[in-house]
Amino acid sequence: QVQVVQSGGGLVQPGGSLRLSCTASGNIFSVYTMGWYRQAPGKQRALVASISDNYAAYYTPPLEERFTISRDNAANTVFLQMDKLTAEDTAVYYCFANIQPDTSGGPEKFWGQGTQVTVSS
């Protein structure tokens with residue numbers, strides 16, 4: 001059984017920073033790409049950033065100007081550092097991890113539980 005658990009998030013003032021974390025655990029053979037999506041009210045879930053197991057990062061432009069994705073492979077953990085936050089960043093943030101649970105199958109996408117980020121004064 002695989003679990004993906006997020007932490008971080010909350011309320012922050014405009015211009016502030018937040019750091020999200022997400023850890024995969026359980027019966028894991030290998031973890032591949034990890035990353036973050038977000039879903040703002042009334043909008044579809046959209047990719048924020050992803051990072052491969054060899055640390056190649058991708059950002060939906062122009063978020064790379066303010067967000068930084070990183071990971072700790074030994075801990076199966078991905079991070080999202082968010083700086084200079086604006087009201088437009090308000091959303092529920094979901095992490096994902098492409099995980100191969102065992103040697104016999106291929107990778108599957110697992111999701112975290114979601115965490116609210118609210119940017120407001």
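Note that the coordinates shown come from a computational prediction; the quantities given were computed from them, not determined experimentally.
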S.K.: With a 3.5 Å cut-off and sequence neighbours excluded, list the donor-acceptor pairs that the side chains of residues 9-22 form with protein atoms.
M.R.:
residue, atom, partner, partner atom, Å
Ser17, OG, Asp83, OD1, 2.7

S.K.: Check whether the ring centres of Tyr59 and Phe67 lie less than 6.0 Å apart, and answer yes or no.
M.R.: no
S.K.: Please list, one pair per line, the donor and acceptor atoms closer than 3.5 Å that link side chains of residues 27-36 to other protein atoms, with sequence neighbours excluded.
M.R.:
residue, atom, partner, partner atom, Å
Tyr32, OH, Gln100, OE1, 2.8

S.K.: Grouping I, L, V, M, F, W and Y whenever their side-chain heavy atoms are under 4.5 Å apart, do Tyr93 and Leu63 come out in a common cluster?
M.R.: yes
S.K.: List the atom of Lys84, the atom of Arg66, and the distance in Å for their closest heavy-atom pair.
M.R.: O-NH1, 3.1 Å
S.K.: Please check this pair: side chain of Glu64 against backbone of Thr68, looking for a donor-acceptor N/O pair closer than 3.5 Å.
M.R.: no
S.K.: Donor-acceptor pairs under 3.5 angstrom involving side-chain atoms of residues 103-114: please list them, not counting sequence neighbours.
M.R.:
residue, atom, partner, partner atom, Å
Ser104, OG, Asp102, OD1, 2.7
Gln113, OE1, Gln6, N, 2.9
Gln113, NE2, Gln6, O, 3.0

S.K.: Flag yes if Val119 and Val92 sit in one hydrophobic cluster, no otherwise; membership is Ile, Leu, Val, Met, Phe, Trp, Tyr, and two members link when side-chain heavy atoms are under 4.5 Å apart.
M.R.: no
S.K.: If I compare all heavy atoms of Asn73 with all of Asp53, which pair ends up nearest, and what's the gap?
M.R.: ND2-O, 2.9 Å
S.K.: Same cluster or not: are Leu80 and Leu85 linked, directly or through other Ile, Leu, Val, Met, Phe, Trp or Tyr residues, by side-chain heavy atoms under 4.5 angstrom apart?
M.R.: yes
S.K.: Between Ile51 and Tyr58, is there a side-chain heavy-atom distance shorter than 4.5 Å?
M.R.: no
S.K.: Listed by chain and number, what are the salt bridge (Lys or Arg N to Asp or Glu O under 4.0 Å) partners of Arg38, not counting sequence neighbours?
M.R.: Asp89
S.K.: Determine whether the side chains of Glu88 and Thr90 contain a donor N or O and an acceptor N or O closer than 3.5 Å.
M.R.: no
S.K.: First locate atom SG of Cys95, then atom OH of Tyr37, and finally report the distance between them rounded to the nearest 0.5 Å.
M.R.: 12.0 Å
S.K.: Is Phe96 close to Ser50 at the side-chain level, that is, under 4.5 Å between some pair of heavy atoms?
M.R.: yes
S.K.: Measure the CZ-CG distance between Arg71 and Asn54 for me, rounded to the nearest 0.5 Å.
M.R.: 8.5 Å
S.K.: Starting from Phe79 and following side-chain heavy-atom contacts under 4.5 Å between hydrophobic residues (I, L, V, M, F, W, Y), which residues can be reached?
M.R.: none
S.K.: Check for a donor-acceptor pair, side chain of Thr60 on one end and backbone N or O of Leu47 on the other, with a separation under 3.5 Å.
M.R.: yes
S.K.: Do any N or O atoms from the side chain of Thr115 and from the backbone of Ser7 form a donor-acceptor pair under 3.5 angstrom?
M.R.: no
S.K.: Any disulfide bond (SG atoms under 2.5 Å apart) involving residues 60-92? Give me the pairs, sequence neighbours left out, ordered by first then second residue.
M.R.: none
